[in-house]
Structures are given as structure tokens and as C-alpha cells.
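For reference, the structure I am asking about is given below.
Chain identifiers are assigned alphabetically (A, B, ...) following the order of the sequence lines, protein sequences preceding nucleic acid strands; residue numbering begins at 1 within each chain. What's counted below: heavy atoms across the whole structure, side chains too, no hydrogens, waters or symmetry copies.
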Amino acid sequence: MALEKKFDATTREPRLYQAWEAAGCFVAGANAKPEASSYCIMIPPPNVTGVLHMGHAFNNTLQDIMMRWKRMQGFDTLWQPGTDHAGIATQMVVERRLAETQQPSRAEMGRDAFLEKVWEWKEESGGQIINQLKRLGASCDWDREAFTMSGNFPDTVIKVFVEMYNKGLIYRGKRLVNWDPHFETAISDLEVENVETPGHMWHFKYPLAGGATYTYIEKDEDGNITLEETRDYISIATTRPETMLGDGAVAVHPSDERYASIVGKLCEIPVGPKEFRRLIPIITDEYPDKDFGSGAVKITGAHDFNDYQVAKRGGIPMFNLMDTKAAMRADGKPYAEEAAVAQAIANGTQEFDEAMIAAMNLVPQEYRGMDRFEARKKVVQDITDEGLAVMMPVTTTDDEGEETTTLIPYVENKPIMQPYGDRSKVVIEPLLTDQWFVDTDQIVGPALDAVRNGDVKIMPESGEKVYYNWLDNIEPWCISRQLWWGHQIPVWFDADGNQFCATTEAEAQANAGEGVELTRDPDVLDTWFSSGLWPIGTLGWPEETDALKRYFPTSDLITGQDILFFWVARMMMMQLAVVDEIPFKNVYLHGLVRDAHGKKMSKSTGNVIDPLDIIDEYGADALRFTNAAMASLGGALKLDTKRIEGYRNFVTKLWNAGTYGDFKGTFDVPHADGVPETTLPLNNWIKGEIAKTGEAVDAALETYRFNDAASTLYSFVWNTFCSQYLEFTKPVLDGDDAAAAAETKATYAWGFDQCLILLHPIMPFVTEELWGAKERPKMLVHTDWPTYTAVDLVDAQADADLSWTVAMIEAIRSARAQMNVPGGDFVPLVVVGMDAAATSAWNQNEALIKRFARIESLTVVDTMPKGTAALAVSGGAFGIPLDGIIDVAAEKARLEKTLGKLAKELGGLRGRLNNPKFADSAPAEVIEETKANLALREDEETKLKDALARISELG
RNA sequence: GGGCGAUUAGCUCAGCGGUAGAGCACUUCAUUGACAUUGAAGGGGUCACAAGUUCGAUCCUUGUAUCGCCCA
């Protein structure tokens, strides 16, 4: 059959994919050899409503390379695909759509109706990313496609929750959590992005109770007094004045002498109606930094993580000031009543508990219902108006040179780290709420040990350090979300708030007793709680499924380093906590795919590269090859379309090597499984080169060095197979020796097949297409991966002869080009003192050298004729006689340049060998190698010096 | 502030205790022979800087500078 002139990726790739799918090529266990070991990869599940971006394309290319390679090797493979319900992200998208289409809002339609809308949207868009993965060529077992909200998965999640609850690994409590005021839900630490933002630090006076005064003294480093004054206040610096209303104390460092005399006294929060101002104690704690601000900090336990710790230590009440939208609270009793109770607490005359404090609203009437940022402005204004802002002098000069000094409020402009929700992009508010937590301290140990003892390997190695660093300092994991889309927490409460955790409502009811009214916790679980169970969940746990037995623990996990904590670490902890086994053996982490200049791809920058556009323009194979070539362990991923173009050209190159073979009849050679028997040096040689390449590819993939595999194949196919071997077959296939031609045809056919096989994991489409151009027992996707080795196939003689031949051709071409010998002319070659090896190599490959270097004859002479261009080739002094036409100056320059390089090298080699310490210390083989190298270079130098001397005689 | 990394050709990046590599870009030449998505030849590097270890350092160690990412 004749091949098309070009490979049309756009039309061929989808058809090839369909053919694989139709033949069941990707089904778990397909092409497995009997008794094969298993090889399993879990896809990092993309968001169900997502679209394929370059990160997915990169990540899935690497996974597919591993899968296809292992499948061809006959492993029992499973690539488990699926999608994630992605709680916040999906709920956000659906809510936005509701708004855009003028439908009732989430709150208006209620939970059940809203969830129906989410499912509708999932059905509508859920298949998209899967189809995009297919365009990339991903060989997942689609029959097993999973989704974190359907099939057995929800049962798995609920069962794990119940088990962990029963083991005491999950608890509920009122804690300060990161609260997203936009989505009105708690989020985990990892979902918060801290961004440096311009901010202000205000300085306010908290008056001492009852008009008390003290002497405030500041000293410099040497203990000299720099400031001494009587104060009736303590100065407080804050970036968040609106939270002053919830202050429970002012804290100073225990060693801070400036405030020692007033510790234990009360001071007044300078906000709110004057008659109800609260008094709070001045306490000591290790937290305040003496050198920061005034050294005294206000303690607002309910709205700051550091203050929360101080308040917990000091038993200081934490007054919650804000509602779920982060507006100042408008509920509760009038301010006057609340403030009176709070004062009693501060005075120590009122008992209090957590629930009582939580119910109190200490927001003064005029602030109630205000947005937090509005409230901030008002607080600052009110305090300043009252004269309680710390003032600083500012001197200005007027037109007449008159200096005036005025006092203005002391406000520092300084960058502050502001927390933002990674999805909502609004400022996160620390908020005191009831949430569910995983007690990570209890389950982190095995996850750390598994990596420390090598059961799980993380690549690159730096990933392990990052992993340790995070897990060693892990915080409790807040797993409840005040969302609707997700796995609802399986806990029911009775009227007294008693918890009944069970897998079903009936079970909870049974535990609570008949007739007890129960309400289910409305919250859902963090998406990562369920995706943390992806390995066992997709394999059917808690059922002892066949898949679980065969494929768990899985083999490799290939994922972005950005989800090392979110996902990888949590899968480790969860799998070990639930089934007491590691989820996977190797973790390959990669970075973010960036643009050609290393910039993050973003819509606003406009530098986003859509993988589907790339596939349309260049084909999936080109994109995949680019991905593989970029994937050095730990390397940066900069995607340049020029590079993709280059690999598209490589696809074409391979295709043309196919059309050459087709043209020469190599596709008429029937398919055979074994390595062909050969006698010709060029055929012996290419077999060895292929074996070496195969070994290099295996070695690269075994160590996840995809870039090495790609560059080895690129260089072999383009340079060795096409530029050399293919060219060398021309004289034989066109020649009169029928036996030689037949052998070469068969060898070319086999060699080209090997290229297709070795390239298939990286470039599945074009290779399968070329494979299909001949009658075959199996599709390429299921063809056996080679097991021959270099030891089997390398013929040392052929190897040496062909290497010499290639070097000879290159030396002649180089000399010709530099001597300006017209390309078409055949020229004679002469040699003095040709040795046996060179003679043998010449005899074997004379036709090739003559044809490709355009040589008409080789003559052995006693002395070089005058005006000969010398060649730096081993085995004799070769030269091209160019008497009369030689450019003497050019030839001198050429020789001098080569001699210069040689001299530098010789200097290094001799220096090393002359150093007695080198002889003593270096390994014998290095010394031998150096000596041999020196001899070779000296020989070359002698010949070239002779040549230079001769040419110098001419001019 | 803590952690992790990077610095190699004009650009994007590999690499390695003992000859400095690729792709792109650049220069010159080639055009009916599988392929112009091509072929041939070529130019281009104090491997950031400094000290140390070593017979030998671009590579290992320490420090400096610059840049990046993650966590506070």
C-alpha cells in the first residue's frame, strides 16, 4: 500500500484513537503477559467541569508515555481515569451561570433545587475534558471512569469519615478558621493565598482606667534615656482597627520594662459610646515583639490567628464581631447590655463560657451591619476626632519661608501580608466557628515514615524535603465547608447537640433512640477529603474487589508540585490511616507549564497557549514530544511554540523515512518478529545502533527522564537512521547485488519498525499509522517492546568501520566546503601510511564514501603531493590533492585553527599525565584512557603539522 | 523571617569529578532522487563571583551576589 504524501494529523489522529478504543486496547490488563506484574497510575482527577489546559496536557502526556511503555512490555496495566466534583469551584461556576441567565439564586431556589442545577451542569459539561484527553491520546481505561460524587465513591467517603470519627481522628470544635466571606464557608490553610498588599498601621491611645498615669521611659542600645514622659495611656499599633471592638486584652512582652509598671492594670478601648467603653486588662505574653510598633499589642482572639493563641493561653474572651459575610454583626442584644456583661467579665465578676461569649455582640449600635472595611474607616475617624490617635509633628514651609509645625495622626504606610481566598479572591476573615477537623497529628507519622524509609519515593528529591517540612509542621485540617455541592457530613444532632455519626440516617436514628428528633449537619466535606481517597475509592474499597487486589498499592503518581500538600500528602495520610498501606510507590512532581519566557500563563497577560489549538495546528504527537522533551526532573517548563514546530517537523521526518521505505519496497517485506540475520556492515551496524538506542530509552524511562528518552530518539531517528543509515541504503538498494539489496530491504523494514515501536509511547498516532501501512499481527499499541540488547546486536567490527566511514565522510565534506570545492565535483583522495583497520573499513564501505563525499578514487602514495588539503582522520594521512585550485591561505588558516584546538587539548592531557600525583591517585582506567587519547591526538598533530609545513612551502 | 531551588552559547534549556552539549536563532553553500516542515558546512561559552576539598572542579563544600517558588 502506498503511503499518503503527508501525515494528516487532524483527520488521522481521532480515527486512530477510535480504533484503539474499539479494539479495547486500553482496558485494564489489555496485552498483559501471563503472570505479569501490575502497573497502575491514578490520573489526578481534573475538575469535572474543567477544560484541558497546558498543565493537564503535560501531566497526562507523561502518564501516557509510562502507560504505553509498560503496556507494550506486557505488564498488567491500569490507568484509572475520572473527574473530581471540585466543591467550591463547581458551585461557583453554577452560581455564576444562574446569575448570567437571570435564574433564581442559590439561596432563592434552596439546596435540593440547586443541587439539581449542579448535576445538570455536570452532565452538560462533564464529558468535555475527557474528550480533550482523548485528543491528546491518553490511553486510560475509560470503562472504569470514576467521579467523586457517583458510583461507590460517596459510600467510600462516608464510610471513611465514620471510621475516622469512631477512631477519634475526626472531631468538631469551635476554632478560629479561615473564612471566605464571598462563599460564606470555611476553607483550609492551603486554600488561602497570602499576598503582599499596601496597608496602613494606625497608632492609637488606649487610656488607662480611672485616669491613672505612669512614667514612660525609652532607652537606646547603650541604656541612655532618650525619652521620658508621663502618660495616661498605652500606645497600640494595629492594621485592623475595626477589630478593636472585640479586644479582650492588651499584651506586652514580660521583659518589656517600659510597661512593667502598668501590667495588671486596666485600659479602655477608645471606640464606641463613651458611657459604655469597655475596660480590658494589660497582660504579659511572649508573643509581642518589643521592637515592633509600640511593643504593645491588642488581643482580638476571634479575628487574628496570633491573638487567638495568646487569648487561649491567657483565658481571654474572644468576641466575634462579624457575620458570615464579614459585615459587623447586627444580631444579639443592644450594645449597652452586651457591653455591661463584657465589662463584668473583664472585672472578673461574671462567669463565662464559650457559648455565652459567642452569642454576645459587642458591636456598638452605630456600627452594626456595616461592612468591615467601612467600619474600619469609621473607627479610625471616630478615634481621631476624639483626639485619641497618636500624633506626630510635621513641619511644612510656606511661600514666605515660614516654617509651621502641625500634628497629624501617626499612620504608617507599609506592605502587609493580606490573606485572600484562592477561588473567591476576597480578603479572608479569621472567624470563630464550629467546624470539623481531621486530627492530622495522629495520622501524619506513617505518612512521614513511608517516605523516610523509602517505601515511597518522591522525585525530584527536593520534593521530599518540602514534604517533610510541611508534614513536620502540620496543622489540624479543617474539612467542613458551608457549601451544598459535596459529600454531606454524616453526622446528625439531637436537640441537645449530641452527635450521632453513622453511614445512614437510619443507623444514626437507631443510635439516638426512637423518637429522638435528629437534624443532619448541613455542611459538606472539603473536596480534598474525597480526592484524598481517590486510589482506594476508584478501586472499589471497602469491597475487596479484584481491581483493588491487582492494582493497589498503585505504582506511579505523576502530578504537579502545586498539589503536593493538597493532594499527595493527604492521600498518603488517608490511605495509611484507612487501609494501612501506601497509595503509590513513586511520586513524580513537575512544575507549572509557563510561556516561552517563563511567565505564568494567564488570561490577563494573554499568553495562554491552549493545548487544543496546538493539537489542531501541529498534531498531538508534536505536542506530546515537546512535553516529553521539556520534562527534565526538577526543570522549568517553558513552552515555546517554535519548539513544538520543530517536533512537528520531526513527525514529518519520520513520515518521510516511511515514504522512502514504501518507495523502496520495504513495506512489501512481510512482518517478522525476530531480528533479521545480516551480513553487510551497514546492516550489522544499524542493528547495534538500534539496540543501543533501545537500551538508552529504557534506562531513561526507568528513571523518569522523559527528556533523555525524547532527545535520544530524536537524535537517533534524525541523525543516525535518516541522515546516515537511510542514505547508506541508497547505493545498495539501487545497486546490482540482489542479495545485498534484499538483506538491506529487510533490515530497513525491521529498523524502521523499531523506530516506530520505540517512539510509540511518546508519539502514538503517527507511529500507529505507519505501522498500519503493512499487514501486522497486532496493532502497534500492543506490539512487544524490544528485549534485545546491545550485547546481542552490536557488531564491534561494523561499529568501528561505520564510525570511521562517517568520520571520513564528514572530514572530506568539511575540507571541501572550506576549500570551496564545488559540491558536484568528484575529487581524488590520497593516503600515506594507511593502516590495516582503515584499509578494512575503506574496503567495506568504499562505495558509501565515494558517493556521499564525492570521491572518485583513493590512491596510496609515498609522499603527499604539493597542495593537498589534509584530513584529520585516524588510520593514515589522508588528503585531497588540490594543486592549482587550492586556496593556500584558507588551508593554512584551517589547519592552524585545528592545530590550535588540538594544542589546547594536548596541553591538558600532557599536563595531567606529567603530574606524578595524577599517576598515583587517578584510577588505572582513566590513566589508560588519557594515554590512549594523547597518542591519538599526537598522531593527528604530527600529520596536520606535516600538512601545514607542505602548504607553507607553496606560499 | 523559615524552607526549597536556580545562575552553562544571542534565546530556551540539558548535562557532568577527567574532550562543553541540544533545539531555536545566526553565517555560507546546495535545489528534480524520502523530506524545503530539507540537505551540507560553520561561527558562537572565564559553565554568576570568591574561597576551600581534590592529582584534577562547570560539577562537591562554604560564602557572596542576583533571580524564582512555597510557607509564615
- Message: If I pick the C1' atom on rG23(B) and the same atom on rU61(B), what distance separates them, to the nearest angstrom?
- Response: 34 Å
- Query: Which is true for Glu727(A) with a 4.0 Å heavy-atom rule: it touches a base, it touches only sugar-phosphate, or it touches nothing?
  - Reply: base
- If the P atom of rG18(B) is compared with that of rU32(B), how far apart are they to the nearest Å? 47 Å
- Message: Taking rG10(B) as the reference, what is the distance to rC29(B) when you measure between their C1' atoms (whole Å, please)?
- Response: 23 Å
- Query: Counting side-chain heavy atoms from C-beta on, which of rG18(B), rA41(B), rC35(B) comes nearest to Val926(A)?
  - Reply: rG18(B)
- Quick one: look up who rG68(B) pairs with, Watson-Crick or G-U, both distances under 3.5 Å, and put none if it's unpaired. rC4(B)
Extract from the structure each pairing of a protein N or O with an N or O of nucleotides 69-72 of chain B at less than 3.5 Å, listing the distance.
residue, atom, partner, partner atom, Å
rA72(B), OP2, Asn194(A), ND2, 3.2

- Across every strand shown, the nucleotide meeting Watson-Crick or G-U wobble geometry with rA50(B) (both distances under 3.5 Å) is rU62(B)
- For Leu592(A), answer base if it contacts any base atom (sugar-phosphate contacts may also be present), sugar-phosphate if it contacts only those atoms, and nothing otherwise; contact means non-hydrogen atoms under 4.0 Å. nothing
- If you check the Lys642(A) side chain, which of rA40(B), rA34(B), rC24(B) turns out closest? rC24(B)
- Salt-bridged, Arg813(A) to Glu810(A), with N to O below 4.0 Å? no
Nucleotide N/O of nucleotides 52-61 of chain B paired with protein N/O under 3.5 Å:
residue, atom, partner, partner atom, Å
rC55(B), O2', Asn915(A), ND2, 2.6

- Note on the structure: Whole-Å distance, Arg854(A) CZ to rA41(B) C1', equals 15 Å
- Query: Is the phosphate of rG33(B), meaning OP1 or OP2, less than 4.0 Å from a side-chain N or O of Lys664(A)?
  - Reply: no
Could you list the donor-acceptor pairs under 3.5 angstrom formed by side chains in residues 618-631 of chain A, with sequence neighbours left out?
residue, atom, partner, partner atom, Å
Asp621(A), OD1, Phe765(A), N, 3.1
Asp621(A), OD2, Val766(A), N, 2.7
Arg624(A), NE, Ile762(A), O, 2.9
Arg624(A), NH1, Asp64(A), OD2, 2.7
Arg624(A), NH1, Leu136(A), O, 3.0
Arg624(A), NH2, Asp64(A), OD2, 2.8
Arg624(A), NH2, Pro761(A), O, 2.8
Thr626(A), OG1, Ala622(A), O, 2.7
Asn627(A), ND2, Thr61(A), OG1, 3.1
Asn627(A), ND2, Leu623(A), O, 3.4

- Query: With respect to the side chain of Trp718(A), which nucleotide from rG39(B), rA34(B), rA41(B) is positioned closest?
  - Reply: rG39(B)
- Send over the distance from Arg813(A) CZ to rA30(B) P, rounded to a whole Å. 16 Å
- Query: Can you tell me how far P of rC4(B) sits from CD1 of Ile458(A), to the nearest Å?
  - Reply: 14 Å
- Message: Under 4.0 Å from OP1 or OP2 of rG5(B): is there any side-chain N or O of Lys465(A) that close?
- Response: yes
- Answer with yes or no whether the side chains of His253(A) and Glu286(A) bring together a donor and an acceptor at under 3.5 Å. yes
- rA30(B) pairs with which nucleotide, Watson-Crick or G-U wobble, both distances below 3.5 Å? rU38(B)
- Message: Please name the nucleotide paired to rG44(B) by Watson-Crick or G-U wobble geometry with both distances under 3.5 Å, or report none.
- Response: none
- Task: Name the pairing partner of rC11(B), where a pair is Watson-Crick or G-U wobble with both distances under 3.5 Å, or state none.
- Result: rG23(B)
- Message: Work out how far the P atom of rC55(B) is from that of rU12(B), and round it to whole angstrom.
- Response: 39 Å
- Item | d(CG, Asp640(A); P, rA25(B)) in whole Å | 10 Å
- Item | side chain to side chain contact (heavy atoms under 4.5 Å, CB included) partners for Asn194(A), two or more places apart | Val192(A), Met417(A), Pro419(A)
- Integer angstrom distance from the C1' of rU58(B) to that of rU27(B): 29 Å
- On a heavy-atom basis, the closest approach of Trp655(A) and Lys5(A) is NE1-O, 3.4 Å
- Task: Starting from C1' on rC29(B), measure out to CG on Asp825(A) and report it in whole angstrom.
- Result: 14 Å
- Message: For Asn683(A) and Tyr725(A), which I'm curious about, is there any donor-acceptor pair between the side chains at under 3.5 Å?
- Response: yes
- Message: Quick check against the 3.5 Å criterion: does Lys943(A) have a side-chain atom that pairs as donor or acceptor with the backbone of Phe878(A)?
- Response: no
- Query: Which part of the nucleic acid, if any, lies within reach of Asn469(A) when heavy atoms closer than 4.0 Å are counted: base, sugar-phosphate only, or nothing?
  - Reply: sugar-phosphate
- Query: Under 4.0 Å between a side-chain N or O of Arg705(A) and OP1 or OP2 of rG15(B)?
  - Reply: yes
- Query: Within the structure shown, what part of the strands sits under 4.0 Å from Asn707(A) by heavy-atom distance: base, sugar-phosphate, or nothing?
  - Reply: sugar-phosphate
- Note on the structure: Between Phe565(A) and the options Trp528(A), Tyr467(A), Trp470(A), the ring pair (Phe, Tyr, Trp, His ring centres under 6.0 Å) test singles out Trp470(A)
- Item | side chain to side chain contact (heavy atoms under 4.5 Å, CB included) between Glu689(A) and Gln724(A), intermediate numbers included | CA-CA 11 Å; Glu689(A) 291 299 305; Gln724(A) 296 169 7; over 6 Å; no
- Task: With C1' as the reference atom in both, quote the distance from rC59(B) to rA48(B) in angstrom, rounded to an integer.
- Result: 15 Å
- Item | Aromatic plane relationship, Tyr588(A) with Phe706(A) - under 30° parallel, 30 to 60° tilted, over 60° perpendicular | perpendicular
- Task: Check the side chains of Ser814(A) and Gln818(A) for a donor-acceptor pair under 3.5 angstrom, ignoring hydrogens and angles.
- Result: yes
- Taking only Lys NZ, Arg NE, NH1 and NH2, and the carboxylate oxygens of Asp or Glu, determine whether Lys692(A) and Glu695(A) approach each other closer than 4.0 Å. no
- Note on the structure: Whichever of Ala657(A) and Leu909(A) has the more 5' nearest nucleotide on RNA chain B, that residue is Leu909(A)
- Stepwise, does the salt bridge (charged side-chain N to carboxylate O under 4.0 Å, His left out) test hold for Arg937(A) with Glu940(A)? CA-CA 5 Å; Arg937(A) 298 296 168 183; Glu940(A) 259 181 55; 3.7 Å; yes
- Task: Looking only at non-hydrogen atoms, find the nearest pair between Phe826(A) and Glu856(A) and report the distance.
- Result: O-OE1, 3.7 Å
- Task: Say whether, by atom type as modelled, one donor and one acceptor occur between the side chain of Trp804(A) and the main chain of Ser874(A) under 3.5 angstrom.
- Result: yes
- Task: Taking atom C1' in both rG21(B) and rG45(B), compute the distance separating them and give it to the nearest angstrom.
- Result: 11 Å
- Taking the P atom of each, how far is rG15(B) from rU54(B), in whole Å? 28 Å
- Rounded to the nearest 0.5 Å, what separation is found between the CG atom of Leu895(A) and the CG atom of Leu944(A)? 6.0 Å
- Item | Residues in contact with RNA chain B, drawn from residues 646-655 of chain A - heavy-atom cutoff 4.0 Å | Arg648(A), Asn649(A), Thr652(A), Lys653(A)
- Task: Mind listing the residues from residues 929-941 of chain A sitting with a heavy atom below 4.0 Å of RNA chain B? Number order is fine.
- Result: Asn933(A), Arg937(A)
- Residues Tyr647(A), Tyr714(A); criterion ring pair (Phe, Tyr, Trp, His ring centres under 6.0 Å); working and verdict: CA-CA 9 Å; Tyr647(A) 292 125; Tyr714(A) 182 92; 5.5 Å; yes
